[in-house]
Amino acid sequence: DAKTTQPTSMDCAEGRAANLPCNHSTISGNEYVYWYRQIHSQGPQYIIHGLKNNETNEMASLIITEDRKSSTLILPHATLRDTAVYYCIVRAIGGGTASKLTFGTGTRLQVTL
Amino acid sequence: DTGVSQDPRHKITKRGQNVTFRCDPISEHNRLYWYRQTLGQGPEFLTYFQNEAQLEKSRLLSDRFSAERPKGSFSTLEIQRTEQGDSAMYLCASSSSAGGSNQPQHFGDGTRLSIL
């Protein structure tokens with residue numbers, strides 16, 4: 001699976017949009033971009049995933065650049081409960097099997113009052 | 001709660017003892033994964049089941065580790081002759097193959113193992 005690069009940490013004021021970047025310049029055509037977050041002492045929580053089109057759900061929006069070499073996770077109105085480590089993961093799909101998730105160290109997002 | 005359930009949440013044991021963890025996946029999820037997470041790091045893949053078949057094992061899974069999923073539902077992860085380095089959070093995740101291989105994995109809250 002392609003490697004990803006994320007900033008180590010970010011701050012965001014409560015109520016503002018949090019924009020978390022991720023670089024995946026070696027991504028292949030059959031690789032999806034997944035975002036998870038992990039709040040202290042809990043397991044990772046799935047947020048969103050996409051291949052090449054922008055995606056939106058009740059939690060967040062995922063913007064993938066046209067060349068697919070980078071993406072941005074957007075939390076439109078951050079709250080204190082969004083404070084967590086956010087992982088951007090590239091995962092190969094296909095071949096009839098489901099591959100593992102390869103986590104990096106993620107971005108520690110701190111939402112402040 | 002219909003999420004992934006793991007038991008126990010915490011386990012403290014002496015070095016050299018055997019431990020077993022249980023994972024109950026989301027109902028009807030046919031894929032089950034085990035990961036290990038140490039402090040300050042992201043989770044690392046250990047092994048993967050599709051139904052009862054163990055299809056992939058990481059080189060992290062030494063011969064002291066064994067995982068089973070006998071009826072394709074719940075899974076157990078056993079560690080024999082535990083060592084200090086086994087102290088970690090052990091996470092279980094499940095997913096469904098229905099709808100394609102891109103279906104996301106959903107995680108439990110893990111079992112935290114501490115070796116004295």
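Chain naming here is simple, since letters A, B, ... match the order of the sequence lines and numbering starts at 1 in each. Not measured: the values here are computed from a predicted model.
In the hydrophobic clustering of ILVMFWY residues, with side-chain heavy atoms under 4.5 Å counting as a link, B:Y48 and B:L77 come out apart.
Neither the backbone nor the side chain of B:R112 comes within contact range of chain A; no heavy atoms are under 4.5 Å apart. At a 4.5 Å heavy-atom cutoff, the contact between B:Q103 and chain A is made by backbone atoms alone.
Checking each of B:E56, B:E44, B:Q105 against A:K100 for a side chain to side chain contact (heavy atoms under 4.5 Å, CB included) leaves exactly one that passes, namely B:E56.
Around the CD atom of B:Q80, the shell of radius 6.0 Å holds more than 12 heavy atoms that belong to other residues, nucleotides or ligands. Around atom CD of B:E28, no more than 12 heavy atoms belonging to other residues, nucleotides or ligands sit under 6.0 Å away. In the displayed structure, A:L80 atom CG is contacted under 6.0 Å by more than 12 heavy atoms of other residues, nucleotides or ligands. Other residues, nucleotides and ligands contribute only 12 or fewer heavy atoms inside 6.0 Å of the CZ atom of B:R15.
Residues of residues 11-19 of chain A lying under 4.5 angstrom from chain B, judged on non-hydrogen atoms, do not exist. Using non-hydrogen atoms only and a strict 4.5 Å limit, the part of residues 32-47 of chain A facing chain B consists of A:Y32, A:Y34, A:Y36, A:Q38, A:S41, A:Q42, A:G43, A:P44, A:Y46.
Taking 4.5 Å as the limit, some side-chain heavy atom of B:Y35 sits within range of a side-chain heavy atom of A:L101.
With rounding to the nearest 0.5 Å, the separation of CZ in A:R91 from CG in B:N102 is 7.5 Å.
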